[in-house]
Each structure stands twice: as structure tokens, then as C-alpha cells.
Amino acid sequence: MKYVSLPEPEKKRGISFYLAMEEYLARTTDETDCFFMWQVDPTVIYGRHQVLENEVDMTYCQEQGIEVYRRKSGGGCVYADNDNLMLSFVTSEENVGFAFNRFVNMVLLVLRKLGVQATGTIHNDIMIGNRKLCGTACYHVGRRSIVHSTLLYDTNMVHMLKAITPGLEKLQKKGIQSVRQRITLLKDYTPLTLEEVKALIRETLCDGELMLTENEVAAITQLKELNNLKT
């Protein structure tokens, strides 16, 4: 599987760019499978079929400078920031169940290499014990599947608690500790830094690199702008 790289990897790009990058790859690449990782400033990402007002505290997000964005895949609302890791898998596998299964097993393989005992669920979440480490979502573009997920290495618990509602509504009465009992952070199970975890993921899952050209980056940017007009 090829790892997809950008010509300016240190350049900050927003969530709409990375989601457009997934879609661009699904529409144009000849690779059977490809994969990349990304991080964003504080962002709430909600699912295709969700009602924004029911899921997100927009006042809090605006006050805290948290971006809010609707993705094209289904599933629930998630909070992401630069302390956790977003994973994107683009595959020629059209069967959603098979695509999910392959992706979850890839993440479990990495965790096993870290010495972390984790399991997948029927909802395609990844758990350590009874705590959630990683959630996934999937959608089709043409004859390809895009699977993406949020891997919690670390995160801002206050933002997670206050930005997303009503999924955490009941937990808000008990505060951050209750959220912490429902999720888990990878940093608690490994001495590796986030950058070291990223290197291990790439080394484990990928056997080559697909470097995008400046023209391809421009095409992704154009697709991003088109998608933003439709959002």
C-alpha cells in the first residue's frame, strides 16, 4: 500500500482540504490501496445525516475558535485537534463491510506492535477494554471506498466535552472524568510520542510512497472549494 505525501508536509491545511484529498485520490489514483495521516487545529466533524444544531454547541465553538465541518460519510460527531491523529484509507474494495474490516485490522496490527491489546467492534470502533480509542466512518466515491477515522493519542478533554452535544449531554453532569471513562488515549499505553507513533504506522502499513505534484494539490484545492460551496 502506498503512503500519499504532500510536497509541503509542514504546511498547515484545514479539514476540508484533507477530506477533498481523500475524494481526489478515490477519483484519480491507479493504486489499489493508499493511505495517509493528517492533523488539524481544533475541529468538530459531524456526519452526513446529522442535524448540526442537535449535535454541536455552536456558541462554544465560535467562542473557542473551533472549526465545524460536515463530512460526506455517515456516523457520529467527533472532535479532533493536533494532539490526535486522523487516518485516511482509500481502497478499490467496493464492499463497505470488507473495507471496514481491512481498515480495522490494519489499525489493530499497529496496536499489537505497540504491545497494546485492542479489539474491534461490530460498529467498527476500536476499543481497549471497554473504552473507545478509535472510531471509523466510510463512504463510496465511484467504485472505491474511503474509510477514515480519529485515533485518540491525546486530546483536549474540555473542548471535547463542551463542543459536542447531546451525545455527551448526560456526561456533562459528571464532568471530564466521566468522558475519560468512556474513551481512552493511546499515550497512556505507550512511551512513544505522537510523531513516533505516526512513523510506526507508516512503516507497518505502507511499502512505498506516492508524492502528489503541485498540480494535483491545486486540483485538490479546487475540489475543496467546490465541496465547501455545497456544504
Side-chain angles (χ1 to χ4, degrees), residues 1-13 15 17-26 29 31-41 43 45 71 73 75 78-93 98-121 123-129 131-138 144-156 183-212 220:
M1 179 167 67
K2 293 293 190 296
Y3 187 85
V4 184
S5 298
L6 290 161
E8 297 179 87
E10 72 287 345
K11 183 175 180 179
K12 269 190 174 289
R13 306 175 190 272
I15 183 170
F17 178 89
Y18 294 112
L19 295 180
M21 183 171 161
E22 295 176 337
E23 186 177 345
Y24 175 83
L25 289 168
T29 186
E31 299 292 335
T32 302
D33 300 316
C34 55
F35 172 81
F36 65 98
M37 296 175 281
W38 44 285
Q39 291 160 272
V40 290
D41 290 336
T43 305
I45 310 131
R71 63 180 185 268
S73 57
V78 299
Y79 168 80
D81 58 34
N82 282 297
D83 290 324
N84 60 36
L85 188 60
M86 311 301 286
L87 311 176
S88 293
F89 174 52
V90 180
T91 176
S92 57
E93 175 58 69
F98 289 161
F100 265 132
N101 187 61
R102 286 189 59 205
F103 178 82
V104 168
N105 282 324
M106 287 192 299
V107 177
L108 291 175
L109 174 62
V110 173
L111 293 173
R112 283 196 294 273
K113 290 188 72 171
L114 285 169
V116 177
Q117 298 300 313
T119 57
T121 73
H123 300 295
N124 303 301
D125 294 328
I126 294 173
M127 312 287 288
I128 298 177
R131 297 184 182 188
K132 185 175 177 178
L133 176 70
C134 181
T136 62
C138 180
R144 290 181 176 266
S145 297
I146 296 172
V147 186
H148 42 207
S149 74
T150 305
L151 177 63
L152 290 170
Y153 177 84
D154 195 3
T155 194
N156 185 318
I183 67 169
T184 194
L185 303 175
L186 185 56
K187 70 170 187 175
D188 294 337
Y189 299 88
T190 177
L192 299 187
T193 66
L194 180 54
E195 289 302 313
E196 290 170 333
V197 169
K198 288 165 64 176
L200 178 66
I201 292 172
R202 180 169 174 174
E203 174 189 302
T204 302
L205 301 183
C206 301
D207 57 6
E209 181 180 58
L210 175 63
M211 174 64 74
L212 297 182
I220 293 169

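What you see is a predicted model, and the numbers here were worked out from it, not measured in a lab. Computed from heavy atoms alone, side chains included, the values below leave out hydrogens, waters and symmetry copies.
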Under 3.5 Å side-chain donor-acceptor pair for D33 and T91: yes

Could you pull out all donor-acceptor pairs under 3.5 Å where a side-chain atom in residues 109-121 meets a protein atom, sequence neighbours excluded?
unit_1, atom_1, unit_2, atom_2, d
K113, NZ, T204, OG1, 3.3
T121, OG1, H123, N, 3.1
T121, OG1, N124, N, 3.4
T121, OG1, D125, N, 3.1

Between atom CZ of R13 and atom CD of E8, what is the distance when rounded to the nearest 0.5 Å? 6.0 Å

Quick one: closest heavy-atom pair of E93 and A99, and the distance? CG-N, 3.8 Å

Non-neighbouring partners of Q39 that pass side chain to side chain donor-acceptor pair (under 3.5 Å), sequence neighbours left out: K198

Can a donor-acceptor pair be found, under 3.5 Å and without considering hydrogens, that links the side chain of R71 to the backbone of I45? yes

Under a 4.5 Å cut-off applied to non-hydrogen side-chain atoms, are R102 and V147 in contact? no

Any L194 side-chain heavy atom under 4.5 Å of D83 side chain: no

About how many Å separate SG of C34 and CD of E22, when rounded to the nearest 0.5 Å? 9.5 Å

Spacing of CD1 belonging to I146 relative to SG belonging to C138, to within rounding of 0.5 Å: 8.0 Å

D81 backbone acceptor or donor facing N156 side chain under 3.5 Å: no

CG on D41 to CG on N82, rounded to 0.5 Å: 5.0 Å

What is the distance from atom CD of E209 to atom CZ of F36, rounded to the nearest 0.5 Å? 13.5 Å

Between L108 and N105, is the side-chain contact (heavy atoms from CB on, under 4.5 Å) condition met? List the steps. CA-CA 5 Å; L108 291 175; N105 282 324; 4.0 Å; yes

NZ/NE/NH1/NH2 to OD/OE distance under 4.0 Å, E31 and R144: no

Closer than 3.5 angstrom, by distance alone: can the side chain of N84 be matched with the main-chain N or O of Y153 as a donor-acceptor pair? no

First locate atom CG of L85, then atom CD of E195, and finally report the distance between them rounded to the nearest 0.5 Å. 9.0 Å

Using modelled atom types only, decide if a donor and an acceptor are shared between the side chain of T136 and the backbone of S149 within a distance under 3.5 Å. no

Flag side-chain contact, heavy atom, 4.5 Å: T190 against E196: no

Set of ring-ring contact (aromatic ring centres under 6.0 Å, His included) partners for Y18, sequence neighbours left out: W38

Taking Y3 for the side chain and L205 for the main chain, is one N or O donor matched with an acceptor at less than 3.5 Å? no

Yes or no on side-chain contact (heavy atoms from CB on, under 4.5 Å) for K2 and T29, after CA distance, side-chain angles and deciding distance? CA-CA 11 Å; K2 293 293 190 296; T29 186; over 6 Å; no

Stepwise side-chain contact (heavy atoms from CB on, under 4.5 Å) check, I220 with L212: CA-CA 10 Å; I220 293 169; L212 297 182; 3.7 Å; yes

Please examine the side chains of M37 and L87, heavy atoms only from C-beta on, and report whether any two atoms are closer than 4.5 Å. yes

Does any part of the side chain of I201, heavy atoms only, come nearer than 4.5 Å to the side chain of L151, both counted from C-beta? yes

Which atom names give the shortest non-hydrogen contact between H148 and S73, and what distance separates them? NE2-OG, 2.7 Å

Report the C-alpha distance between M86 and T150 in whole Å, list the side-chain angles of each, state the deciding distance to 0.1 Å, and finish with yes or no for side-chain contact (heavy atoms from CB on, under 4.5 Å). CA-CA 5 Å; M86 311 301 286; T150 305; 3.3 Å; yes

At their closest point, which heavy atom of P7 faces which heavy atom of M211, and how far apart are they? N-SD, 3.7 Å

